[in-house]
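Take a look at the structure set out below.
Just so you know, these numbers use all the heavy atoms, side chains as well, and skip hydrogens, waters and symmetry mates.
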Amino acid sequence: MTPATPFTQGILICPTTHIDWDWVYTFDQYYASNSQALGSKNGRDTVQNIFNAAGALFSKRVGFMFSVTEVGYLQRYARDNPAGIAVFAAAGEDFCLMGGGITSPDNLVCAGELFIRNYLVGRTWAKRAGLGGSLYDSAWLPDDFGHDPQLPVVLNAMGLTTAGLSRVPGSPQGSPGAAPMTPPGGSSIATQLNENGLVFQWEAGDGSRITTLYMPDTYGTVGYLDASDISSNATTVDQFVRQYRTGWPNGLRFIPVGIDFATPSVTTSSGEELSWLDVTQSYNSSHGDTNGVPGTTGTWKTYMDAVLASGASLPVNAPLNAQNYWTGYFASRPELKRNQYKAVRALMSAEVISALLRTSSGYASSALDAFDSTVWNGWEVLAPSSHHDFVTGTSPDNVYYGEQLPLSRQGVSAAKAVLDQGMERLAQGIAATAQPAELPAVVCNTLGFERIHGRLAEVSPPPGDHRLDAVKSVRGSKGLVPVQRSADGGILFMAYPPSAGYETVYLSSLPLPGPIVNPAPSVGDTVTLENEVIHVTLSKADGWGISQFTYGVDGGNSSLFASLGVGNQLRFYTDSGNIYQFGNEPYASYVPPVYGTFSQNTSATFVGGDAVWLEYGPLRYRFQARVTEQQSGHAFTLEYSLVAGERFLRMKLTGASPSGMSVVVAFPMVSNSGIAPTTLSYGTPHYQQDILPVPNWPGPTFVATHDYVLPCLQQGSQPVGGIYHHGIPAWTLDSDGVLLGVVLRNTPAGGRGASGSDADSHVQEYVLAPPLFANGTARIVTPLKDALSVTTPLEARLITGGREAQQAALAETASLGRVTATNTGTPVASEDVMIRVARVQAPGAEGGPSSGATASGGTTSGAIPTSLVLRTEKRGSQATSLTVRLPFLGKASSAETQAVTALEAPLTSLVAVPAGTDTVTVESPQALSALRIAWCRTQGG
């Protein structure tokens, strides 16, 4: 083998290829056959041929190196060519897997948990395929259309050390004319990085840092090998060297060669095979000596290792507000985003139930292993949707309808099915002690904290089962509580299961004072929904919008909206954009930029139509109404829901967007003194963000929010209210301080490589709430907990256990655990501190830890070593350490813990848990921490 040249100076020429999971073509078309694959003579080929070419170069042992991101294609290749995978494995670090995810994930609208699982699923397979030596702990995200300012939070927690970016506002392949609107002519983020340092420390709000490279001239500066003239490729390298002279740490430069589906070798007309190694050689012979910058072929890891070893002083960017590169895709194809959110929440809930069964039941480990394998399969099905052309909705119609939408829906089906299986297993394993005329049921709280909100549970009868007809109350931990019959025939009641736990309740025929179904009044021009906390009036004249929303403050009532303002008001916005961009964003690459149209269609008139009460208390109110836009005839269905004792008004919108339009909901929220908000505090996939991006275009600039968005009077403080949502990212404030959210979008305009229309009807759910007050001041307290409480309902099932219950021996009430927070030993407000079950697996199971992670006591007769990975999360808390109480630990005969990354790599050695101890301490300097607990589980009990 030709020895690798050490890289200590000059320019690192990095052969790579960018292979989208799907985009203009489907996954299989890109893999084996598509019209853009021009073959080995033209530099662009199918993925199958790209891997064949790379393997051939490795086999020749000529010093070839190759950097690839997408493990999903390697899985597919392994089915056809196991020997080819063996060649890659033998290459070791010369074959650099950048991160090792199934695909290159979006990091702005993708669900935060799926971002992690994309890497976990991919790396797990890579290790089992013998590619562990190729894995590099990096996030290679060059084609993401903007970046979460808080991304280092999760990258640091995952144990990744570096990141590679290419698309930021002002970068060459996007809208280089994009620059801050104020001050006029301000520098774009791309310009700032070019001037201040192309390699930098990217710092998030919790102090997490990631060493990051910004590629100033796309992620494939030399796009494709030129079979007819390799010297032209070398000239492009030289042009890059001369154009980008500054900003490099200690003069160490980086140029990625190979762009979308670029093959690493080509065949000339005379039959000679040439590769990127020849480009490096041609550059050095023709230009390297002349410009004094020698070239070295290497991997992404080669370059970053050299930078870190050089001792270069790197600038710090805190934060990097590069989230507004393109923003229209925040709202494009909303079903993909909603499906992903639902599936992720269901799989996470299933893992909590798995942990409860593993730690509390007598089910045999083989049965639980099978269940966990089904959960793992759910993540495998869902992982491709994290791709930056998948969940974003930026593929043409043929790919969307032919691959993405069916796969997205399959992900939801798989996730719901495994959640149902877990609840059935739980319900069948409880030996309930029902009294005469009682039906036992289990209610599970799959969130890792004790709920204050979202306590309404619903038990639905199996088809043809009329046993619920006699139910008039429920006996639970709070005694006998009232019930309500739902519109769907279920039984509604308040339940109080513990953190990450469940309780058994008993549906009883004993009556309580008061009706279980209130007679609904007739619907007039206005209707009222109210409980002990809020009072809401809906007006037909305002298109069934919210004409009044009042809440209590300091013994009086305050209005959530500005005078004469209407909440949840539907609006049409004329949108000349495409599936990537709203119409007002800079189009193409013109300098100065060219803008289209994104503005309210003031001629659109929404008229309230027929309406009906679906439920009318006493525990829940549901009201449904028809709304029609007069000119277009487009009709929408609005539904409002209010639960007793809650400050949350739930809303559901069903409808389709007209072509060339975005459908917007507007909320003119103001403070209790009538002041309009000026900024937003909102959830990102992994943390809270309080700084808005600098506008690069006139009109609204939307941000990608996760779980919640809070309009505020000042940065990070004084909220005037909040929206909590089920995967509706695009929110902003207009020039009058009105909160706008894009719920539907249909923009078939061309551009950006893929066009797409979306005339389908979609369902969108979101929740409105007034602010919380402390000592008379509105404060941001627990927005993430509030959001999860209303978007992740309690799971409830009738208990059907017979002999299974006797064998499983599950207690009537149990909790996996809860977390409390301290700051240097002093208890602090937990705020958004919670635990999340990452996974529970027997060692050696698919995706599980290695056998070295078993409890120190080893396997004793009848005992099975098992591993549980928990994550702790804190947002806004000043806690320095967290105490996690896990009741099952106190009963374990042998248990050990260790700190791990979010990708489950050990950070410390396993440490024995003292016998009888049920608490562990997690040092938590950053927002996310992970802990593995290994213990010996007695078989069948």
Salt bridge or not for Asp918 and Arg885, using N-O below 4.0 Å? yes

Strictly by modelled atom types, are His147 and Asn107 linked by a side-chain donor-acceptor pair under 3.5 Å? yes

Can a donor-acceptor pair be found between the side chains of Arg932 and Gln898 at a distance below 3.5 Å? yes

Nearest heavy-atom pair of Pro685 and His706: which atoms, and what distance? CG-NE2, 3.3 Å

Does any non-hydrogen side-chain atom of Ser924 lie less than 4.5 Å from one of Thr880? no

After noting the C-alpha distance and the side-chain angles of Ser929 and Glu923, does the key distance pass the side chain to side chain donor-acceptor pair (under 3.5 Å) rule? CA-CA 8 Å; Ser929 299; Glu923 299 305 321; over 6 Å; no

State plainly whether the residues Arg875 and Asp707 are in salt-bridge range, i.e. N to O under 4.0 Å. no

Decide yes or no for Ile19 and Val68: does some side-chain heavy atom of the first lie under 4.5 Å from some side-chain heavy atom of the second? yes

What orientation do Phe200 and Trp202 show, parallel under 30°, tilted 30 to 60°, or perpendicular over 60°? tilted

Answer whether the closest heavy-atom distance between the side chains of Thr919 and Leu886 falls below 4.5 Å. no

Any sub-3.5 Å donor-acceptor pair from Arg451's side-chain atoms to Gly454's backbone N or O? yes

State plainly whether the residues Asp137 and Arg123 are in salt-bridge range, i.e. N to O under 4.0 Å. yes

Pair Thr901, Leu907 - check side chain to side chain contact (heavy atoms under 4.5 Å, CB included), show working. CA-CA 7 Å; Thr901 70; Leu907 293 172; 3.6 Å; yes

Compute whether any side-chain donor of one residue and acceptor of the other, for His388 and Asp20, lie under 3.5 angstrom apart. yes

Hey, are the side chains of Val153 and Gln926 touching, using non-hydrogen atoms and a 4.5 Å cut-off? no

Quickly, which of Phe330, Tyr329, Tyr325 forms a ring-ring contact (aromatic ring centres under 6.0 Å, His included) with Phe145? Name it, please. Tyr329

Does a side-chain N-to-carboxylate-O contact under 4.0 Å join Asp372 and Arg358? yes

Thr791 and His725 side chains, donor-acceptor separation under 3.5 Å: no

Do you see a donor-acceptor pair shorter than 3.5 Å between the side chains of Gln689 and Asn321? yes

Mark yes or no for whether Thr917, through its side chain, and Val913, through its backbone, hold a donor-acceptor pair below 3.5 Å. no

Mark yes or no for whether Asn324, through its side chain, and Val694, through its backbone, hold a donor-acceptor pair below 3.5 Å. yes

After noting the C-alpha distance and the side-chain angles of Arg345 and Leu447, does the key distance pass the side chain to side chain contact (heavy atoms under 4.5 Å, CB included) rule? CA-CA 10 Å; Arg345 297 307 314 167; Leu447 298 175; 3.3 Å; yes

Can you spot which of Leu114, Thr103, Leu336, Leu407 makes a side chain to side chain contact (heavy atoms under 4.5 Å, CB included) with Ser385? Leu114

Would you mind reporting whether Gln340 and Cys110 have side-chain heavy atoms less than 4.5 Å apart? yes

What I'd like to find out is whether the side chain of Leu903 reaches to under 4.5 Å of the side chain of Leu160, using heavy atoms alone. yes

Arg871/Glu113 salt bridge by N-O under 4.0 Å criterion: yes

Carboxylate-amine/guanidinium proximity below 4.0 Å for Glu450 and Arg818: yes

With heavy-atom distances below 4.5 Å as the criterion, would you say the side chains of Ile780 and Cys712 are in contact? yes

May I ask you to say whether Arg839 pairs ionically with Glu351, meaning some side-chain N is under 4.0 Å from a carboxylate O? no

With distance as the sole criterion, is a donor-acceptor pair present between the side chains of Ser208 and Tyr687 under 3.5 Å? no

Assess, by modelled atom type and distance only, whether the side chains of Asp832 and Thr782 contain a donor and an acceptor separated by less than 3.5 Å. no

Checking His387 against Asp106 for the side chain to side chain donor-acceptor pair (under 3.5 Å) test, could you report, in this order, the C-alpha distance in whole Å, the side-chain angles of both residues, the deciding distance, and whether it holds? CA-CA 6 Å; His387 176 57; Asp106 164 79; over 6 Å; no

Is the side chain of Asn377 donor-acceptor paired with the backbone N or O of Ser373 at a distance under 3.5 Å, no angle test? no

Pair Thr16-Ser67, side-chain donor/acceptor within less than 3.5 Å: no

Tyr219/His18 under ring pair (Phe, Tyr, Trp, His ring centres under 6.0 Å): CA gap, chis, key distance, verdict: CA-CA 8 Å; Tyr219 55 86; His18 184 78; 4.7 Å; yes

Above 12 or not: heavy atoms from other molecules or residues under 6.0 Å from CD of Glu93? no

Mind running side chain to side chain contact (heavy atoms under 4.5 Å, CB included) on Leu870 and Val837 for me, showing each step along the way? CA-CA 5 Å; Leu870 290 175; Val837 175; 3.8 Å; yes

Atom CD1 of Ile452 with >12 non-hydrogen neighbours under 6.0 angstrom: no

Working for side chain to side chain contact (heavy atoms under 4.5 Å, CB included), residues Leu368 and Ser354: CA-CA 7 Å; Leu368 299 181; Ser354 170; over 6 Å; no

Classify the ring geometry between Phe254 and Trp140 as parallel (under 30°), tilted (30 to 60°) or perpendicular (over 60°). perpendicular

Student check: side-chain heavy atoms of Leu108 and Asp144 closer than 4.5 Å: no

Just by distance, with hydrogens left out, do Gln688 and Ser681 show a side-chain donor and acceptor under 3.5 Å apart? yes

